[in-house]
S.K.: 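Structure below; questions to follow.
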Amino acid sequence: MAAPKRGRSASAQSKPGRSLALILIAIVALTGGMFLSGNTTPRLGIDLAGGTSITLKAKADQGSAINKANMDTAVDIMNRRVNGLGVSEAEVQTQGNDNIIVNIPKGTNSKEAQQQVGTTAKLYFRPVLASEPSGAAAQSPSPSASPSGSSSPKPSTSPSPSSSKEKASSSSTASPTASATSQGRAVTDALKAGSTPTPNATASGSAKPSATPSASSSAGTAAAKLQAQYAALDCTKPAERAKVGGAAKPGEPTIACGQIKKVWYKYVLGPAAVDGTEVKKAQAVFDTQGASGWQVQMTFTGSGAKKFADVTGELAKNQSPQNEFGIVLDGEVVSSPFVQQAITGGQAEISGSFTQQDAQSLANMLSYGALPLSFQEQSVTTVTAALGGEQLHAGLLAGAIGLALVVIYLVVYYRGLSVVAMASLLVSAVLTYVIMSLLGPTIGFALNLPAVCGAIVAIGITADSFIVYFERIRDEIREGRSLRPAVERAWPRARRTVLVSDFVSFLAAAVLFIVTVGKVQGFAFTLGLTTVLDVVVVFLFTKPLMTLLARRRFFASGHKWSGLDPKSLGAKPPLRRTRRPAGPAAGPVDPKEA
């Protein structure tokens, strides 16, 4: 009887228990993670579970016109902010000429998404001329003129990546002896002299001098007015915070508020030195080597890197707080790290007082850029899922009917082999359910109706893989081979067919995911996920299980209910080895007998 080739593949298949143990361990680990995380069900999309709907109205107050191009750009940016990978089922679409509707599914942090979608994200790097605690914090017995005091550690900026020894401690930059009066004089002098480091000034190596005496007089009046506003500002009051910073022009000094370690500070900031659009990439990372915790790493464009190197070189020469630059997002100082040396190379990191959420939120804003228009929130409503519940019920019923028909077909046509197919379908279903449940909190995946359709289609794709393998085994038995060598000889051919078929399905799902938006991406994502799982199940479960069952008498003997009865399959007589005749009379040998 013909035997399979000896070698690495035969050796690997001699221990199918290892593969079965591996996939069992994976199922147990994933299921345990699902229960430990508390996410025991997949997160449903807005069409199945309801959610929040936000209506935003565009305003042309940033010098940009309200037109289709700007509205489409705004929709794209908002969609990336709230939808990330495109599978969280958030919907962003225009309504009319100047409205945008944002639908956020239940289970998403709707408050955070509500803050992100309409934020213009105008970011500037401005040098700090003065800063001090505001409100109640300013009344402490020993106030510090800079927020670098011990009660509120000041973030630092350094080249990225950096080691912990490259970062200066906060206490070394504190100025506990500086008074508000002396600081005010420094601010006035700096504004009058135009010594604020700006891109133009730093690029040429010197500040622009005053052109005329009248310009000098005007600068002195503006400085006095700004100093008076700074002295009267109380950043602990939301009404006062709303009035400052937002309307300032990039080329003019301004006052602003910022919260560091739950303490509000007020700032006098010079003209913008670097624009946020010159940040090429930003990401939140956790410093595993140092003690700075969460930080935001930035990569600048070519022009941005030059400007940033110039301004940090100028700031490093000053004393605190004028060695700091404020990172101003929509008029609010989100961080004001101090500088000890010029930062070159186009990469920097901000660290010091970020939580994970703060760092990720800032990196998200920097990465996705600014909206071309500003938006005013018109309404926020709760969307019910009354119709979605009926649709989900209908979808699940359709899936159950489809699965039942597949099982009936397998039992009637393949008989005993249907046990292998149904066990494989069960393993695939468990893996799909557990992974979908874990992807909800991990990447924001939401199961919508198209995704349910993708899961139903996957039943047929998975069944196809089993059928291909079973038919290959039957072909080998028809050739006269017994079950054990038939199982091994059928696998290489079936494996190639399964891989090609699944690759085509996965490629179609990937293309559909890339070129579409909205609900169709849910269908594509689910189809791609289940296709990958089909390969895993066939290789690590179906094939090893078939190898083990081939050693059982019920299947090996070709019982009529096994689905592998040689007689019913029309098998040829068993192949036997024949001794090849010696000499020239020897004819060609059938390769199947070799």
Side-chain angles (χ1 to χ4, degrees), residues 123-133 144-175 196-197 202 256-261 263-270 272-276 278-279 282-287 290-300 304-305 307-329 332-355 358-359 361-363 365-366:
L123 182 94
Y124 299 104
F125 295 82
R126 292 177 176 267
V128 175
L129 301 181
S131 63
E132 62 179 290
S144 171
S146 168
S148 5
S150 58
S151 63
S152 179
K154 169 65 68 178
S156 64
T157 183
S158 60
S160 175
S162 65
S163 61
S164 57
K165 64 183 180 181
E166 290 176 329
K167 298 179 182 179
S169 62
S170 307
S171 57
S172 65
T173 63
S175 302
T196 303
T202 55
C257 295
Q259 189 178 35
I260 300 177
K261 292 288 186 179
V263 177
W264 282 101
Y265 291 89
K266 57 183 180 180
Y267 296 83
V268 178
L269 305 172
V274 183
D275 194 294
E278 293 174 307
V279 178
Q283 60 182 346
V285 297
F286 187 80
D287 183 13
S292 58
W294 283 97
Q295 54 190 218
V296 177
Q297 291 185 350
M298 300 179 296
T299 302
F300 291 89
K307 293 178 183 179
F308 195 71
D310 290 339
V311 71
T312 51
E314 291 294 323
L315 292 176
K317 302 174 184 178
N318 301 331
Q319 297 296 319
S320 178
Q322 293 178 2
N323 66 340
E324 305 165 8
F325 63 84
I327 301 175
V328 186
L329 183 66
E332 181 178 320
V333 179
V334 295
S335 183
S336 55
F338 58 84
V339 179
Q340 286 192 317
Q341 59 181 350
I343 299 176
T344 58
Q347 292 186 329
E349 63 183 22
I350 307 167
S351 59
S353 60
F354 286 120
T355 63
D358 292 339
S361 179
L362 176 57
M365 290 290 188
L366 297 178

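Computed from heavy atoms alone, side chains included, the values below leave out hydrogens, waters and symmetry copies.
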S.K.: Kindly indicate whether the side chain of Met298, heavy atoms from C-beta on, has any atom under 4.5 Å from the side chain of Phe125.
M.R.: yes

S.K.: Judged by atom type as modelled, is there a donor-acceptor pair below 3.5 Å linking the side chain of Thr344 to the main-chain atoms of Ala309?
M.R.: no

S.K.: Is Val128 close to Val268 at the side-chain level, that is, under 4.5 Å between some pair of heavy atoms?
M.R.: no

S.K.: Report the distance from atom CD1 of Ile343 to atom CG of Asp310, rounding to the nearest 0.5 Å.
M.R.: 12.5 Å

S.K.: Ring centroids only, cut at 6.0 angstrom: are Phe308 and Phe325 within range, meaning strictly under it?
M.R.: yes

S.K.: Quick one: side chain to side chain contact (heavy atoms under 4.5 Å, CB included) partners of Ala305, sequence neighbours excluded?
M.R.: Phe300

S.K.: Look at the side chain of Arg126 and the backbone N and O of Gly270, then say whether any donor-acceptor pair between them is shorter than 3.5 Å.
M.R.: yes

S.K.: Show the numbers, then the answer: is there a side-chain contact (heavy atoms from CB on, under 4.5 Å) between Val285 and Gln295?
M.R.: CA-CA 6 Å; Val285 297; Gln295 54 190 218; 3.7 Å; yes

S.K.: Should Glu132 and Lys266 count as side-chain neighbours, where that means a heavy-atom distance under 4.5 Å?
M.R.: yes

S.K.: So do the side chains of Cys257 and Trp264 get within less than 4.5 Å of each other, counting heavy atoms only?
M.R.: yes

S.K.: Drop me the distance from Ser320's OG to Leu315's CG, to the nearest 0.5 angstrom.
M.R.: 11.5 Å

S.K.: Within the structure provided, determine whether Asp275 and Tyr124 are in side-chain contact (heavy-atom separation under 4.5 Å).
M.R.: yes

S.K.: Nearest 0.5 Å, what's the CG-CD distance between Asp287 and Gln297?
M.R.: 8.5 Å

S.K.: Kindly give the heavy-atom pair with the smallest separation between Ser336 and Tyr267, and that separation in Å.
M.R.: OG-OH, 3.1 Å

S.K.: Taking the side chain as every heavy atom from C-beta outward, state whether Val333 and Leu269 have any atom pair closer than 4.5 Å.
M.R.: yes

S.K.: Show the nearest heavy-atom pair for residues Gly313 and Ala342, with the distance to one decimal.
M.R.: CA-CB, 3.6 Å

S.K.: Within the side chain of Glu332, is there an N or O that forms a donor-acceptor pair under 3.5 Å with the backbone of Gly258?
M.R.: no

S.K.: Determine whether Lys317 and Glu314 make a side-chain contact, defined as any pair of heavy atoms from C-beta on separated by less than 4.5 Å.
M.R.: yes

S.K.: List for me each residue that meets side chain to side chain donor-acceptor pair (under 3.5 Å) alongside Glu278, sequence neighbours excluded, and say none if there are none.
M.R.: Ser303, Lys307

